[in-house]
Each structure stands twice: as structure tokens, then as C-alpha cells.
Amino acid sequence: MARWLTHCHQVHVRDVGRKALDLLTEGLGSCSGVTNTMRTPCNTRLVNRLRTRWCSSSSAASTMDYLHALSPVPTMIFQPAIPQVPIPSLQDTCQRYLASQWAFLNPREFAETKTLVGEFEKGAGVDLNNELLELNKKNSHTSYITDFWMDVYLRYRDSVILKTSPMTFITNDHRPEYMDQTIRATNVIVSLLRFLKTLREDKLFPDVVHKNPAVTDTEGFWRSFRSLSAEDAYRHAVDSSVQPLDMSQFTRIFNATRIPRNNRDELYKDDTKRHLLVIANSHMYVLDVLDSDGSLVPGQDIRANLQYILNNSSSLPPPEHPIGYLTTEHRDTWTRLREKLLAVCPDNEETVRLIDSALFCVCLEDDTDDSKEQLARKGLYGNAGNRWFDKPFQLIVTSDGQLMTNIEHSWGNGVTLKRLFTDAYEDAVSRPAITPGGTTHTSSVDSSKSVSKLEFKLDSALCQGIEEAKANHALATSQLNVQWVQYPRYGSSFMKKCGVSPDAVAQLALQMAYHRVTGGVAATYESCSTSMFKHGRTETIRSATAETKSCTEAFYKNSGVNMDEKRSLVKACSDKHRLLSKEAIQGQGWDRHLFALRCLATVTGRPMPAVFQDPAYANINTITLSTSTTGISKSSAGAAFAPVSPGGLGVAYTVTGDGVSWMGTSYSASPSLSDFARSVHEAYDDLYEVMSY
């Protein structure tokens, strides 16, 4: 079977792989971010048609247990045939790496780095690359980067908050009466459970990108797959200009947690459990939200239980030693304290296991804030006693019904969560489980019996550990600066009319602003999804290029450059960014390939090649500008993440048709965030003057 699947993968990469690559690139267009281009796999008209037919032949109760109309094909129909992430040629990787280095090095430094790269390409790199190719052939069930990349997260020993755990804003319900805290929380919880049930019963529409959704996002098209094998279905989809995406991460969303272990953490999962973890006023509770047969607990009962939790928690003082703070600690410290917590008494072990195995975590806040920056802080770190940062995601609900998520990043990426929350948001709005004004049935549930409050027995060492975690958390988060910026003058509509990529302009503006503030070039990371490949995660778009450097200098250093020349330079930046985006989407960036070769040298005990000891390699991988486009969707209202280096900046941005918005972050040692924000605004003005010339 393994040999047969390997053969099928090779056939697909050879016969339809190029068309698939071109299709996804065209589907992404000029945008290169993680989430902004992934179209929902079934359009509203199709869902409504199928839902109407389904409802006429199913009970209302069973209908309300599912997210949307049932998929005519199994959810994972394409998964066995998704091709592996391709390994670029060593020569291409080396040349792409050198091209990125050009923007950072003077002629002497570049010549030295070029020599080291040439030696690597003809020497140690050849053996390492050949071994990597052989390993990839032996592991056809996954991709060459999977284990190495998972180690990046699970061996990371610092706190998971800030640097590795982003937050997202979920769009408010447009109906004020639905923004009541328990109504909003219940409706989204129920919709997430509908997603879960639909997924686990293999009835969720597959995740795909349609080039021509009017033609292919139809009931007839989906039914054409029903008798096909995975390999034939994949081929038929690509031939029809539909690109299937890897869905392996969907199995890691629910009933999971990250468990701290010495040296390398563990991803734990228990699909048999039916309970939800709810935290309020730093008190923890669990309640079943699925019945023993897998059906959903009625929404009115869930709401009654949430209200009971709010009432109970508010009647109590916050715990003197909130256990959630431990999840913010250094991972080795948390490992030691968790082991001690389990050893204090058997009840602690059972309680921790309830947290680990909970479907997901809901954090009910007792306050809110009108400031986008303060809400971002609440989502990034907030009151850590009211969090459990090891869960794959936490749903944070403010007292006025605003929603945010905090995401533990090791298990998956933005494309998966965008699908989850887009589907859940649209379902909660269109089919709310709870409506205000008494239009739903009153619950008769006895919450004192259906809700269990979690208690821990703590000794003096654990209490001291929690107090130290509190102090460390306060110190780390006090150094974070956050600023929300909106630029309303123009957006993607104007940029496209000028023949340039909106994402390229957004990245160029960041480079120009960084130069104005610091006089230098920023080592920049722009995340790009590789989800068209088996177990694909991300590749890096290296947005600081020779073109952006030349363009920036033409704007701010060389006063003799005229408007036509500047316009040509902006166009060259756009063309280069499109190329880099296309290569990254196709798994042809240099970052992951060189990273895998360096890891392979380490695990096989080889001497570390000189190219990886080059200061230029360390410099370009000390990310100064960590960026990602958060995309446009009904459910998304932006995101935030902290910089990944002490002197860095974090920028989560969205380019809409008529403007640009972004959430910036920095640390105390970073360049001034307010100066940077002002310079970004000025850069957009300068670019407008040139593009409209």
C-alpha cells in the first residue's frame, strides 16, 4: 500500500502537479498571505439549496446538529492524494538565498557569503540534499519539513505567549441584541460544535480553492466525485481548476492540548471526551456540551450553564493562586511544576486531564474595552489566570460580547483556523441557537449538577511557582507596545488599477518606513501557506529585496530620481514580490529547504557547514519585521502577534478595497512604534503620489 501511494503521489506531481501549482497561484492572485485568498469551499447558494433539500428529509433536531448542508463527498476524499511538499533543487535554493542576501550585505560581505554558498552547493550540501531526498521518498505519508518544523515549536523552551501565540479578532454580530455575553458565547460555541460534528462524521465540505466557483462550486460538480478514488478525485479536481488543500490539521483542533515535557513538549488528544472548559474570574469549570450519542446539548442549556458559571464565579473572590499562570512560564519550569502538581494528590491529576481533554476553552471576561489596542492585549496575554495557553485555541468573550481567539501555534496554521471561524461565524449569525427576547425554549437544566467547578490542591512550592509566574508574566507583557493604525486614503482597488500587487505595496511601505526610522534594511518574514501540499504549513516570502532597497533609496536618499523612474521602481518591486510569492506558494522558497538541511546536519552528527556559521546567515534569520496579511473575510476583524526578536516589530495587516489597516507591536528595545506607524502612513502617501502620477 505504501509503495502504491508513493507511486500515485509521483504520478500526480508529474502529470497534474504543474497545473495544480499554477491554479493555486492564480487563485491567490497578487496576494501572498496565509489566509486572505482561501475561498470557502461551498458558496451560500449551494449551501442553501442543499440545506433545503436536507431539511425536508431529516428531523429538525438532527439538522441543527450540523454546521451546514452535508457534503456529497467525504471530507477527506482528496487527502491521500495530496502531493508532498516539493524539495527545490539545491542550485535554485542557493541562488534564491544569495538574491535575498544582496539587500543586506556590502560588496565584500556579499563576496564572502557567495564563496561559502558556492562551496556548500558543490560540497557538503550535495550529500545533505541527497540524504534529504532519500528520507522524503521513505516518508511518503508526510513531507520533508514536517518533523523538523514541528520540533521548532515543541522544542521551543521560552513562554508560548506573545512570540508564538497570535490572537485574532472575530467580527461583531451586526445585531446589537445578539451581543449579550452569554447569547454570543452560546451561539458561537454551538456553531463550533456543529463544525466538529460535521467534520467527525466526514460530512464537512473539503477545503479547496476554486478558480471558477460559478462553474465548479455547484451540487452537480461535487456529486461527480462520488464514485472516484482519492487519486482520481484529486486529478479530476485539478483538471477542473479546483485545488484541494491539505486537511490534516483539522484533526488537531478539538480535545487537544500541548503538554510541557523536558526538552520537547507533547501534543495530546482524546477524542472521546464531550466537555468544554470554561474559565471565569480565574475559576475553572467543565460542562458536557455533547450527549453520549454525539448529539449537541441544547443551546438554551449551554447558555443557562454559562450564566450559572458567571454568577458563581462573580460571587467568589479570584483564586489567590490562579493555576492558569503556569501555562505562561518557561516550558521547562512549567514541566517541573506540572509534574509536581500531578504528584500532590490524585485528584489534581484527574482535574488536569479534564483540562487537557476538553473540546476547547472559553474564557469569559468580566470587562471589555473600546480600544482596539487594549483588546489586542487581552487576546495576546490578558489576565493569565483566566486563560489556559496550552489549548489549541481559546475563545475569549468580553462582557459586551466581543470575541477574540488566542492560538497555540504548534499544532497548525491560519488557513485551518480561518475555515473554522469563518464557518462558525456565518453559522452563528444565520442559524443562532439562541435568540434574544424569549424566542427560544427556557432551559430546565440544573446547572449545579451539570457544571463542575475544578479545584486544585496546592503546596507551598506550587504557590510560590504561581507567584513567580505572575511576576514573570507582568514583566514580559509590560514591555510590549501595541498600536492600531488605519490608512483610509486608498486600498487594493487603486493599487490594482495602477498594475501593482496590493500585498507588494503593503510590504514596500513597511520597508520604506523601517528605512526612514532606522536608516537600515529589515530582515523580513512574510508567512505564506503551503497547504496545497501534504502536511504543508508555511514558507517564507523574503519581502526585503534588492528591488525594495533600490526603490526606498530612490524615494528617500537619491533626490534626483524623477517620477517616471520611481514608478518603474515600484513596478519592479511588485513584479519581484509576485515572483517570490508564487515560488513560496509552490514550496520553492529557500528558508524551509536550508533549514531542513541544517537540521539534517545536526541530527546526523555531521560538521556544520560553513554557510550556516556565516554571520550573514544569522543576520538574515534574526527577523526584524515579522509580518502577515490577515486577509478579508466576514469573520475576521484583524489579528495581532508580538515581534519574534527583542529589537523587532510585528505587523498584522489587511488591505481592503479602499484602505489599509494594521496592528503593530514592538518591545522596549525596538524602534519607536509610533515613529514607525507615522512613517508607514507617510510611505503610503509617497507611493500614492508616484502611482497616481
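At least one side-chain heavy atom of Thr398 sits less than 4.5 Å from a side-chain heavy atom of Met404. Side-chain atoms of Val278 and Val286, non-hydrogen and from C-beta on, never get closer than 4.5 Å to each other. Residues Thr327 and Val160 fail the side-chain proximity criterion, which asks for heavy atoms closer than 4.5 Å. Residues Lys378 and Arg387 meet the side-chain proximity criterion, which asks for heavy atoms closer than 4.5 Å. Two residues are said to be in side-chain contact when any heavy atoms from C-beta on lie closer than 4.5 Å; Met167 and Phe641 fail this criterion. You'll find the side chain of Gln394 stays beyond 4.5 Å of the side chain of Phe360, heavy atoms only. You'll find the side chain of Leu480 reaches within 4.5 Å of the side chain of Tyr667, heavy atoms only. Using a 4.5 Å heavy-atom threshold, the side chains of Asp246 and His535 count as touching.
For the residue pair Pro206 and Pro74, the shortest heavy atom distance occurs at CG-O, 3.8 Å. Between Trp388 and Ile279 the shortest heavy-atom distance is N-CD1, 4.0 Å. Of all heavy-atom pairs spanning Thr630 and Ala652, the tightest one is CG2-CB, 3.8 Å.
The aromatic rings of His409 and Tyr153 sit tilted, their planes meeting at an angle between 30° and 60°.
With respect to the salt-bridge test (charged N to carboxylate O, under 4.0 angstrom), the residues Arg261 and Asp332 do not qualify. Using a cut-off of 4.0 Å between Lys/Arg side-chain N and Asp/Glu carboxylate O, Asp65 and Arg194 are scored as not salt-bridged. Ion pairing between Lys470 and Glu468 fails under the 4.0 Å rule for side-chain N and carboxylate O. In this structure, Glu373 does not pair ionically with Arg377, as no charged nitrogen and carboxylate oxygen lie closer than 4.0 Å. Salt-bridge formation is detected for the pair Asp423/Arg419: a Lys NZ or Arg NE/NH1/NH2 atom is positioned less than 4.0 Å from an Asp or Glu carboxylate oxygen. The existence of a salt bridge linking Asp356 and Arg338 is confirmed by a sub-4.0 Å separation between a basic side-chain nitrogen and an acidic carboxylate oxygen. Note on Asp347 versus Lys457: no salt bridge recorded, every NZ/NE/NH1/NH2 to OD/OE distance being 4.0 Å or above. The existence of a salt bridge linking Asp459 and Lys340 is confirmed by a sub-4.0 Å separation between a basic side-chain nitrogen and an acidic carboxylate oxygen. Ion pairing between a basic and an acidic side chain is recognised when a charged N comes within 4.0 Å of a carboxylate O; Lys269 and Asp271 show such pairing. No salt bridge links Arg175 with Glu177; every basic N to acidic carboxylate O contact stays at or beyond 4.0 Å.
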Residues Thr182, Asp180; criterion side-chain hydrogen bond (donor to acceptor under 3.5 Å, both in side chains); working and verdict: CA-CA 6 Å; Thr182 57; Asp180 171 87; 2.9 Å; yes
Residues Tyr325, Asn472; criterion side chain to side chain contact (heavy atoms under 4.5 Å, CB included); working and verdict: CA-CA 10 Å; Tyr325 273 98; Asn472 292 337; over 6 Å; no
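With Ser529 contributing its side chain and Ser531 its backbone, the two residues share a donor-acceptor pair below 3.5 Å. Side-chain N or O atoms of Ser626 include none that pairs as donor or acceptor with a backbone N or O of Gly650 at under 3.5 Å. Using modelled atom types, no side-chain atom of Glu266 and backbone atom of Pro260 make a donor-acceptor pair closer than 3.5 Å. A donor-acceptor pair is defined here as one N or O able to donate and one able to accept, closer than 3.5 Å; such a pair exists between the side chain of Arg184 and the backbone of Gly401. A donor-acceptor contact shorter than 3.5 Å is absent between the side chain of Asp400 and the backbone of Thr368. At distances below 3.5 Å, at least one donor-acceptor pair connects side-chain atoms of Asn386 with backbone N or O atoms of Leu364. Here the side chain of Trp484 pairs no donor or acceptor atom with the backbone of Met663 at under 3.5 angstrom.
The aromatic ring centroids of Phe421 and Phe393 lie less than 6.0 Å from each other.
None of Thr416, Val415, Leu204 except one satisfies the side chain to side chain contact (heavy atoms under 4.5 Å, CB included) rule with Met247; the exception is Leu204. Among the candidates Val344, Leu462, Leu341, the single residue satisfying the side chain to side chain contact (heavy atoms under 4.5 Å, CB included) test with Phe456 is Leu341.
Cation-pi check for Arg353 over Tyr268 is met; the charged atom lies under 6.0 angstrom from the ring centroid and within 45 degrees of its normal.
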